[in-house]
Amino acid sequence: MALPEKYKSPYESTKVEGPVYDKELNSGFFTPENLVKAFPERYNADAWTTITPPPNANGRLHAGHALDVTLKDIIGRFKRMNNKRVLMLPGSDHAGFETQVVYEKKLEKEGRSRFGMDRDILYKEIYDFTIQNKDTVAGEVKRIGASYDWSRDTFTLDEKVVSGVQDTFIKMYNDGLVYRSKRDVNWCSKHQTSLSDVETTNKELVDTFYTFKIGEFLIGTSRPETKFGDKYIVVHPTDPRYSKYSHGDTFTAEWILGETTFTIIKDESIDMEFGTGAMTITPWHSSIDFDIAKKHNLEMVQVIDENGKLMEIAGELKGLRAITEGRKRTVELLEQKGLLVEKNEKYTHVVPVCYKCETPIEPQLKDQWFVKMAPLAEKALEASKKGEINFVTDQFRKTYEYWMSNPIDWNISRQIVWGIRIPAWFKNKGTENEEYYIGHENPGAEWVQDIDTFDTWFSSGQWPVATLGFVGGKDMEYYPTQLMETGRDLVFKWVPRMVIFGLYLTGEVPFKDIYLHGMALDEKGQKMSKSKGNVMSPIDLADEFGMDALRMSLIVGSTPGNDVSMSKDKIRAYKKFVNKLWNITRFVLENTEGVNLDVNLDNDKAKRIQEVKDAIAKHINEYQLHLGAEELYHYVWHEFADVVIEDVKKDLTDENKALLKYMLKEIVTMAHPFMPFVTEEIWGDIRSEGDVELLLVKEWK
RNA sequence: GCGCGAUUAGCUCAGUUGGUAGAGCAACUCAUUUACACUGAGAAGGUCGGGGGUUCAAGUCCCUCAUCGCGCACCA
């Protein structure tokens, strides 16, 4: 066979990648059952499964996804070549709140708003938007080379997932692990929904800290505007300064709106060291205050409405935006009355804000569904302590265990349309005779379904079970899976929830190994963000340098759990490497035409390449992909190209030619997990009769 | 405040049971059409953040300090 024309010019990734992926995909070997069918002797034993974290179906892929997919795909391809019945299961997440926020921005641009829109119409619009993006995202994941089983592609809003997730809710309710309660929740006044603790973030603010006088008490606060309803003074039971008061004593004093009766409450949660050791409480708008109020059975009054505005109770200040104008006017009122004692304008504190819009969280008392976390977290903690979970990146075990040791009941109700409906039905909702019923079906004409949807993590937490068909499902033979590889930012958002649901539904931890990768940063080590303009699209980079080069650049020099800096220089370096391999192939093809000798493997060169392959295998098995990739790079370039070829060149005997060809086959074999496209392409030109058609399923050995 | 990570060549980073420092990029000197210029050969470049300890031996283990980054919790 003459040298194929394509080798006479440098490697052109754009011509190769699409067809190679199609060839692999169409072979059906991304589906494990087909491996068994084609090679029963190799694939009838162990399965190796990873459930891939579903990218949000609301935009394009970013560099972090490329790292995510590459890591998994390298391991998966390696395991497949090592005769594991590999199942890498892809999917997409409707990403409830996230997507709704994205869609709201789109609506805003169009001069529309979700408020007042018909629920079904809004849902349908977001659904169409998501489905469209979902396909774009899947297409981009494929470009990275993901050898995922797309026949099992799952969407969190697939009917079977939805009903399974609802089943779990019903089961948990029946087991006493879900309850309805009126409690302080994190309320975002912009997005008009409650949020879980992981959906808020902290923002440092420099505010003014005020000290006011109530009778003889000095009360410090950074939130005067919440003080309209305050009528309790809380002190520590053993505080000598207030020993003359007993719990329950009352007194009257001048306050914002006039003479007010205050009651003394003694509670141990007070820090005597802070300020004057006395505070007033606002139970409706502070969960700490709420806890105190609940304990002592105190009145709770709403001061700020769902839009963040002062309510009737604020008198003439009604309707003002609480934290801005409301605060200013409240202070003025108190100052006029001579009750303002001190202003510290440089008070630095941290306030929780909505992680999407940074609107300060205004706690509100709301009736919501909660998951009782303590019993679930206890088991998830135990699983880690007992070593049932192997953290490849062990530094995250502590974070995980800390989280599981300090569980907070989880609010799973969201006041948004985009999500899975909660299977709860109400009669006489909002009245004193309110009743609810938990179940899939509407129990009667006078009942209406809860309009809230589940927190997205309630469904994605069940992902490993959901994708495999839930308990009794046809794919549950793949459960528990081998690997969960995801971003380190999900160490407490997602990972513990999967463990919790996995244990709850099946009694088994859903995965054996957890590998948490770092974030993909720009070349200066900064986070990529649209506002900084330093976002690198993996697709654009692949168009410029080739996906194999991008994959290599993401792996080399990137250690598990640590962030990786991306730079075009680095990717360019591996583009050269890919081309080097291309030229090696050209040389071998040009010089080994018609040679068909058995190779004598009893020589240093053949032994050495086996040694390298074993080393790479060891590194991959230990999840040290960066070491494997580096080993590969150095062997191919600085040993095989620089030494072996130069050496053999001088003495091109038939034996040497056969050896060269053998070695190149070994090289593409061990390079394939890292660089699937170029290696698969080369394989098509160097494989002999009797070799498998696709490198994808070549035995590693 | 608590936790985690980082600090190694100009830049970005490797360095897996402790055994006299490595890569890519950049810069330098040669080679000049070679399978490959998306090249080859060579040289240069670091008291491994500071201090202390363990050890025959420390980039590596322990303690401590400093700086940077990330996460969590917070106090009315």
Side-chain angles (χ1 to χ4, degrees), chain A residues 3 7-11 197-198 200-202 209-211 218-223 226-227 230 233-235 269-282 286 288-289 292 347 349-352 393-403 406 408 488-489 491-493 516 518-519 521-527 545-546 549 552-553 555-591 618-619 622-624 626-627 629-631 633-634 637-638 641-642 645-646 648-649 660:
Chain A
L3 179 72
Y7 289 99
K8 290 178 183 164
S9 50
Y11 175 66
D197 297 280
V198 297
T200 67
T201 181
N202 295 322
F209 188 79
Y210 303 90
T211 306
L218 292 178
I219 301 297
T221 184
S222 58
R223 300 211 55 194
T226 65
K227 299 294 168 196
D230 289 6
I233 305 276
V234 190
V235 297
S269 63
I270 294 295
D271 178 0
M272 283 190 272
E273 306 293 314
F274 188 87
T276 58
M279 71 175 200
T280 62
I281 55 168
T282 313
S286 154
I288 295 165
D289 295 2
I292 296 171
Y347 177 66
H349 66 152
V350 177
V351 297
T393 37
D394 206 52
Q395 68 264 35
F396 297 115
R397 185 187 294 277
K398 266 196 176 172
T399 312
Y400 171 93
E401 291 188 352
Y402 173 80
W403 211 257
N406 298 278
I408 302 167
R488 61 135 214 262
D489 52 328
V491 62
F492 53 82
K493 281 188 179 133
L516 294 162
M519 304 289 107
L521 308 174
D522 75 359
E523 61 254 279
K524 290 173 195 152
Q526 294 184 315
K527 264 190 185 167
F545 301 104
M552 280 295 282
S553 78
I555 298 305
V556 179
S558 147
T559 40
N562 289 322
D563 294 347
V564 54
S565 278
M566 296 182 66
S567 76
K568 286 197 173 187
D569 278 344
K570 190 172 175 188
I571 305 168
R572 195 175 290 115
Y574 292 102
K575 183 186 176 188
K576 290 184 184 178
F577 178 57
V578 171
N579 194 55
K580 188 76 182 177
L581 185 57
W582 191 249
N583 279 310
I584 287 170
T585 306
R586 173 179 172 176
F587 177 80
V588 172
L589 285 174
E590 275 177 341
N591 290 289
K618 182 168 177 284
H619 291 316
E622 290 169 357
Y623 297 109
Q624 301 282 335
H626 63 295
L627 296 180
E630 205 171 289
E631 182 96 23
Y633 180 93
H634 281 101
W637 201 310
H638 298 301
D642 292 350
I645 288 188
E646 293 305 321
V648 170
K649 220 191 238 176
L660 267 186

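Here is how names work: the chains are called A, B, and so on, in the same order as the sequence lines, proteins then strands, and each is numbered from 1.
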Just by protein heavy atoms under 4.0 Å, how would nucleotides 69-76 of chain B read 5' to 3' in B, S and -? -SSSBBBB
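An OP1 or OP2 oxygen of B:C13 is reached within less than 4.0 angstrom by no side-chain nitrogen or oxygen of A:Lys570.
With hydrogens and angles ignored, the 3.5 Å screen pairs no side-chain donor or acceptor of A:Thr200 with any backbone N or O of A:Pro352. The closest donor-acceptor contact from the side chain of A:Lys527 to the backbone of A:Met519 lies at 3.5 Å or more, if one exists at all. Using a distance-only test at 3.5 Å, with no hydrogens or angles considered, no donor-acceptor pair links the side chain of A:Trp403 to the main chain of A:Lys493. Between the side chain of A:Thr221 and the backbone N or O of A:Arg223, at least one donor-acceptor pair lies under 3.5 Å. Of the possible donor and acceptor atoms, one in the side chain of A:Asn583 sits under 3.5 Å from a partner among the backbone N and O of A:Asn579. Side chain of A:Ser286 to main chain of A:Asp289: a donor-acceptor pair is present (N/O by atom type, distance under 3.5 Å, no hydrogens or angles).
Separating the CG atom of A:Asn583 from the P atom of B:U33 is a distance of 18 Å, rounded to the nearest angstrom. Nucleotide B:G24 holds its P atom 13 Å from the CG atom of A:Asp569, rounded to whole Å. When rounded to the nearest whole Å, the span between CZ of A:Phe545 and P of B:C25 equals 13 Å. What separates CG of A:Leu516 from C1' of B:G5 is a distance of 14 Å, to the nearest Å. In this structure, CG of A:Asn579 is placed 11 Å from P of B:C36, rounded to the nearest angstrom. One can place CD of A:Glu630 at 13 Å from C1' of B:U12, the figure rounded to the nearest angstrom. Straight-line distance from the CD1 atom of A:Ile571 to the P atom of B:A23: 22 Å, rounded to whole Å. In this structure, A:Glu401 places its CD atom 13 Å from C1' of B:G3, rounding to the nearest Å.
Between B:U16 and B:U7, the distance separating the two P atoms is 12 Å to the nearest Å. Spacing of C1' atoms, B:G49 relative to B:U8, comes out at 10 Å, to the nearest Å. Only the P atoms considered, B:G15 is 15 Å distant from B:A23, to the nearest whole Å. Nucleotides B:U55 and B:G18 are separated by 15 Å at their P atoms, to the nearest Å. Spacing of P atoms, B:G24 relative to B:U17, comes out at 23 Å, to the nearest Å. For the C1' atoms, the distance from B:G40 to B:U32 is 10 Å, rounded to whole Å. Taking atom P on both nucleotides, B:U33 is separated from B:G46 by 36 Å, rounded to a whole Å. B:C70 and B:C62 have their P atoms separated by 26 Å, given to the nearest Å.
Counting non-hydrogen atoms under 4.0 angstrom, A:His634 reaches the backbone sugars and phosphates but no base. No engagement by A:Ser567 is indicated, since no non-hydrogen atom pair under 4.0 Å with the nucleic acid exists. A:Tyr633 comes within contact range of the sugar-phosphate backbone alone, with a heavy-atom separation under 4.0 Å but no base atom that close. Using a 4.0 Å heavy-atom cutoff across all strands shown, A:Thr559 reaches sugar-phosphate atoms only and no base atom. At the heavy-atom level, A:Asn562 lies under 4.0 Å from the strands shown only through sugar-phosphate atoms.
Counting only heavy atoms from C-beta outward, the side chains of A:Ile270 and A:Val235 never approach each other to under 4.5 Å. Proximity of A:Arg572 to A:Ser553: side-chain heavy atoms (C-beta onward) are nowhere separated by under 4.5 Å.
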Go through the steps for A:Phe587 and A:Ile645 under the test side chain to side chain contact (heavy atoms under 4.5 Å, CB included), then give the verdict. CA-CA 9 Å; A:Phe587 177 80; A:Ile645 288 188; 3.6 Å; yes
Before you tell me yes or no, could you show the steps for A:Thr393 and A:Arg488 under side chain to side chain contact (heavy atoms under 4.5 Å, CB included), namely the whole-Å CA-CA distance, both residues' side-chain angles and the distance that decides it to 0.1 Å? CA-CA 9 Å; A:Thr393 37; A:Arg488 61 135 214 262; over 6 Å; no
Residue pair A:Ile292, A:Met279: steps toward the side chain to side chain contact (heavy atoms under 4.5 Å, CB included) verdict: CA-CA 12 Å; A:Ile292 296 171; A:Met279 71 175 200; 3.7 Å; yes
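When each of A:Ser558 and A:Ile645 is assigned the nucleotide of RNA chain B bearing its nearest heavy atom, the one mapping closer to the 5' terminus is A:Ser558.
Ring centers of A:Tyr574 and A:Phe545: at least 6.0 Å apart, outside the cut-off.
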Give RNA chain B the dot-bracket treatment, 5' to 3': Watson-Crick (N1-N3 with N6-O4 or O6-N4) or G-U (N1-O2, O6-N3) under 3.5 Å, [ ] crossing, | other strand. (((((((..((((.....[..))))..((((.......))))......(((((..]....))))))))))))....
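Looking at the side chain of A:Gln395, the nearest of the listed nucleotides B:G5, B:C36, B:C25 is B:G5. Set against B:U16, B:C13, B:C25, the side chain of A:Ser565 has B:C13 as its closest nucleotide.
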Would you tabulate the pairs of protein nitrogen or oxygen atoms and nucleotide nitrogen or oxygen atoms of nucleotides 39-42 of chain B closer than 3.5 angstrom?
residue, atom, partner, partner atom, Å
B:U39, O3', A:Lys580, NZ, 3.2
B:G40, OP1, A:Lys580, NZ, 3.2
B:G40, OP1, A:Trp637, NE1, 2.3

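Using bins of under 30°, 30° to 60° and over 60° for the plane-to-plane angle, the ring pair A:Tyr347/A:Phe209 lands in the tilted bin.
Distance check: A:Asn562 CG to A:Leu516 CG gives 11.5 Å after rounding to the nearest 0.5 Å.
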